[in-house]
Amino acid sequence: MAAPADPRRLTMGDMRLSDTMSIPHLGDPAAHRADKAAVELAVVVPTYNEARNVLVLAGRLHKLLDGVCRWEMIVVDDNSPDGTAGIVDAAARGGDTLRCVRRIGRRGLSTAVIEGCLATFAPLIIVMDADLQHDEAIIPRMLACLAEPECDLVVASRYTAGGGVGEWNRTRKTGSSVATWMARMATSSPISDPMSGFFGLKRELFIDVAPRLSGAGFKILLDIAASASRPLRIREVPYTFRLRTEGDSKLNATVVFDYVGMIIEKRSMGWIPARFALFAFTGLIGVAVNMAALSLLVRATGLGFNRSQESATFIAMTFNFFLNNNFTYGDRRLRGGAAATGLLKFYLVCGTGALSNIGVASFVFTHGSGWFASGLAGAFVAAVFNFAMSSRYVWRG
């Protein structure tokens with residue numbers, strides 16, 4: 001959709017983004033505070049180690065939005081060790097339109113976006129990254145789309161006509177295509193780029209979907225679209241993804257695990273929580289580790305089967321603890337002495353879970369079920385028990 005001839009006159013129902021509403025002078029924080037009730041647009045930017053980028057992005061937004069609307073940039077920082085939050089705080093003290101929500105002991109892009117959106121009263125919200133890979137120049141076109149009464153959500157898309165992924169290599173293009181295909185299974189809303197981290201929406205929509213968001217993974221757009229109570233009225237604006245020039249990519253194995261967990265949660269209509277899906281998956285890996293360790297111990301040592309099985313069980317539980325600590329509960333990761341204490345608690349939880357497995361399986365078997373169904377019932381109850389107790393006592397949120 002083409003931008004209106006004069007982007008300073010965007011009608012939004014009863015609200016107008018008027019060029020008469022100038023941004024207060026940056027050197028006069030008192031004037032800014034007095035006018036803050038009129039904020040029309042919040043740009044929510046989740047950050048981790050973006051000290052070299054965050055003020056560059058803010059400067060670009062000033063050139064783009066000053067005089068167009070009253071706006072604020074909300075940086076939600078996960079206590080970056082590079083001092084990102086301090087840089088934003090200093091700019092805010094100088095009267096800039098930035099402010100920082102610093103999160104201590106919490107990590108995760110999706111939850112950061114959720115907290116940022118809840119921290120503003122602006123009727124319009126744009127979500128984008130701080131890494132300068134999102135083309136801020138298309139924001140006026142996004143705002144023009146949101147000004148339409150029949151538009152709930154506008155997506156900056158790399159996969160619609162006129163968009164592109166830039167200079168990605170073949171591996172990343174393939175991974176993105178697979179992830180996009182998976183995402184489309186989780187929502188009925190027609191989005192060409194459900195993996196986009198650059199989008200805008202009306203705050204009333206966000207408030208409506210917020211209680212149903214999983215907060216898992218790093219693709220909050222997909223979470224919003226899949227959690228909506230009705231098909232969303234969506235507009236798309238093409239853009240070309242830029243290469244990162246400063247800082248490090250946040251894409252790693254943890255976010256991939258989280259993403260798969262969120263897909264499972266949305267496909268199951270919430271019956272299988274994302275974190276439980278990851279916990280169960282690590283449990284299956286633990287079974288494989290148990291069997292591999294048992295085979296090695298039986299063949300290479302003289303411990304005998306019973307002692308080998310005991311040792312293999314402890315090896316598998318230890319492996320599962322660290323896997324869960326880094327992936328399933330990455331946002332609550334235990335370190336140092338807390339990790340050692342958590343490991344002991346995990347042993348206790350899993351040991352109790354094993355007893356519940358045996359008890360349930362025996363009960364089901366004595367009441368006429370076959371060995372397979374009985375064993376499956378025991379394993380299921382143990383998995384649920386281990387997950388519930390681990391979430392409550394090992395990795396307390």
Side-chain angles (χ1 to χ4, degrees), residues 15 17 21-132 134 136 139-140 142-143 146 197-207 210 213 215 220 224 246-247 250:
M15 181 186 68
L17 297 179
M21 298 178 182
S22 59
I23 299 296
H25 191 276
L26 297 185
D28 185 3
H32 175 61
R33 285 195 297 270
D35 278 348
K36 201 166 185 180
V39 170
E40 299 169 286
L41 170 68
V43 182
V44 175
V45 182
T47 60
Y48 186 74
N49 286 345
E50 296 289 359
R52 290 175 289 183
N53 293 326
V54 66
L55 292 187
V56 176
L57 175 60
R60 293 180 181 181
L61 292 177
H62 274 296
K63 291 180 181 179
L64 186 72
L65 297 174
D66 284 4
V68 175
C69 64
R70 297 186 185 274
W71 65 281
E72 64 179 350
M73 177 173 161
I74 300 178
V75 175
V76 186
D77 184 70
D78 287 353
N79 201 31
S80 299
D82 72 348
T84 300
I87 290 173
V88 177
D89 287 344
R93 285 194 297 271
D96 206 341
T97 54
L98 281 66
R99 60 191 176 99
C100 183
V101 176
R102 187 187 308 213
R103 307 201 306 169
I104 307 297
R106 301 195 306 286
R107 293 281 295 274
L109 188 145
S110 288
T111 53
V113 170
I114 291 170
E115 293 185 33
C117 291
L118 292 174
T120 184
F121 48 77
L124 299 181
I125 299 171
I126 295 288
V127 176
M128 65 187 303
D129 292 342
D131 55 18
L132 309 181
H134 293 158
E136 71 287 339
I139 289 179
M142 297 172 72
L143 294 177
L146 287 174
F198 188 12
F199 60 93
L201 74 167
K202 295 172 180 175
R203 186 174 183 271
E204 61 189 38
L205 169 62
F206 182 82
I207 295 300
L213 296 175
I220 183 64
I224 290 171
E246 298 285 352
K250 308 301 186 294

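We're numbering straight along the sequence, starting at 1.
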Looking at [X] and [Y], would you say the former's side chain and the latter's main chain have a donor-acceptor pair under 3.5 Å?
| X | Y | result |
| --- | --- | --- |
| T84 | E50 | yes |
| T97 | E72 | no |
| D129 | H134 | no |

Separation of [Y] [atom2] from [X] [atom1] (nearest 0.5 Å):
| X | Y | atom1 | atom2 | value |
| --- | --- | --- | --- | --- |
| N53 | D131 | CG | CG | 7.0 Å |
| L124 | L41 | CG | CG | 6.0 Å |
| M73 | M128 | CE | CE | 8.0 Å |
| W71 | L61 | CH2 | CG | 5.0 Å |
| L146 | L205 | CG | CG | 10.0 Å |
| I114 | L213 | CD1 | CG | 4.5 Å |

Write down the atom of [X], the atom of [Y], and the distance for their closest heavy-atom approach.
| X | Y | value |
| --- | --- | --- |
| C100 | D89 | CB-OD1, 3.5 Å |
| G116 | V76 | CA-CG2, 3.5 Å |
| T120 | R203 | O-NE, 2.6 Å |
| A122 | A42 | CB-N, 3.6 Å |
| S110 | I220 | OG-N, 3.7 Å |
| V45 | A130 | CG1-CB, 3.4 Å |

request  = Find out whether I126 and F198 are in side-chain contact, i.e. whether some heavy atom of one side chain is under 4.5 Å from a heavy atom of the other.
outcome  = yes
query = How about F206 and L118: do any of their side-chain heavy atoms sit closer than 4.5 Å?
reply = yes
ask   = Stepwise, does the side chain to side chain contact (heavy atoms under 4.5 Å, CB included) test hold for V43 with E136?
value = CA-CA 11 Å; V43 182; E136 71 287 339; over 6 Å; no
message = I'd like to know whether R102 forms a salt bridge (charged side-chain N to carboxylate O under 4.0 Å, His left out) with D77, so could you lay out the CA-CA distance, the side-chain angles of the two residues, the decisive distance to 0.1 Å, and finally the verdict.
response = CA-CA 5 Å; R102 187 187 308 213; D77 184 70; 5.7 Å; no
